[in-house]
Every structure is written in C-alpha cells, then in structure tokens.
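Side chains are part of it too, since the values below use all heavy atoms of this structure and drop only hydrogens, waters and symmetry mates.
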Amino acid sequence: MMDILIISLIVIIAIQHILFLILEMFFWTKPIGLKVFRQSLEKARASETLAANQGLYNGFLSAGLLWSLFHPSGDVSAQLQYFFLSCVIIAGIFGALTVNKRIFWIQGLPSMLCLILLIFN
C-alpha cells in the first residue's frame, strides 16, 4: 500500500514539473502564464529567456523522477528517488526564500512528504 502511495506521489510531482516546463517555456508571456506567475507582460518579456531555462530544469527533474520509477534495479531506483526528490525540495525551499513562499507549498512540501514516506517505507 505504501509503495502505491509513494509511486503516486512521484508521478504527481513529475507531472507538476512537466506542467512547470510547459508554463515556463511556452506560456510565460501568454495570459495563463502571466496569471499563474502573477506578473506583467513587460516583466515576463524581460525574463522570458530565464524562464525557458528554468522550465528546462524542471523538465530534467521530471525526467529523473520518472526514470526512478522505471529503472530495473530496485536499489538504483530508490537512490534516484532520494536524489531527485531532494533536488525538488531544495528548489522549493530556495524558490520560497528568493521568489515567493507559495513555491514551497506547491513544490517543496509534496516532495518532502514523499521523501519522508520513502525513508520510512
């Protein structure tokens, strides 16, 4: 039962980061991107290249989390999960401290919960 919960959380977190990639790389200056990130069109245009780069990194986090679910070795799979969940937690904490506290609640907390479940599984 715990394994299903952990896998489900990892999938949700990976999907979140795929959505971040899409928003940051393709919709940063579009109405939905402006609304989600609460910024003006001028500010979005000025930071568009940085946002695309950030989106790419979110894609890498997604890829790593999904890779961890499909790796044939259970030990390697667990190590990948620890690593990529820790990366997401650090990114969530850093984002909360430097950009907006909402980032921790959206990105950091679900990953932290998943990592705790993984540790005690």
Could you grab the distance from atom [atom1] of [X] to atom [atom2] of [Y], nearest 0.5 Å is fine?
| X | Y | atom1 | atom2 | result |
| --- | --- | --- | --- | --- |
| D3 | N121 | CG | CG | 4.5 Å |
| L65 | L80 | CG | CG | 9.5 Å |
| E48 | L41 | CD | CG | 9.0 Å |
| S111 | H17 | OG | NE2 | 6.0 Å |

pair [X]-[Y]: side-chain heavy atoms closer than 4.5 Å:
| X | Y | value |
| --- | --- | --- |
| S62 | F20 | no |
| L21 | F26 | yes |
| L19 | I15 | yes |
| L61 | N58 | yes |
| L69 | Q81 | yes |
| N100 | F37 | no |
| I6 | C114 | yes |

For [X], is the [atom1] atom crowded, meaning more than 12 foreign heavy atoms sit under 6.0 Å from it?
| X | atom1 | value |
| --- | --- | --- |
| I119 | CD1 | yes |
| Y57 | OH | no |
| F94 | CZ | no |
| L5 | CG | yes |

Has the side chain of S40 got a donor or acceptor atom that lies under 3.5 Å from a matching backbone atom of K43? yes
Using every non-hydrogen atom in the two residues, find where [X] and [Y] come nearest and quote the distance to one decimal.
| X | Y | answer |
| --- | --- | --- |
| S47 | Q39 | OG-OE1, 4.2 Å |
| M25 | A52 | CG-O, 3.5 Å |
| F104 | P110 | O-CD, 4.4 Å |
| A44 | L34 | CB-CD2, 3.5 Å |
| A91 | Q107 | CB-NE2, 3.8 Å |

Side-chain heavy atoms nearer than 4.5 Å, only ILVMFWY residues, links allowed to pass through others: does that put [X] and [Y] together?
| X | Y | result |
| --- | --- | --- |
| L113 | L109 | yes |
| I106 | F27 | no |
| F84 | Y82 | yes |
| I7 | V76 | yes |
| L9 | V11 | yes |

Could you check F83 against S68 for side-chain contact (heavy atoms from CB on, under 4.5 Å), going step by step and ending with a plain yes or no? CA-CA 10 Å; F83 176 76; S68 78; over 6 Å; no
With M112 as reference, evaluate L117, V88, I89, L85 under the side chain to side chain contact (heavy atoms under 4.5 Å, CB included) test and give the passing residue. I89
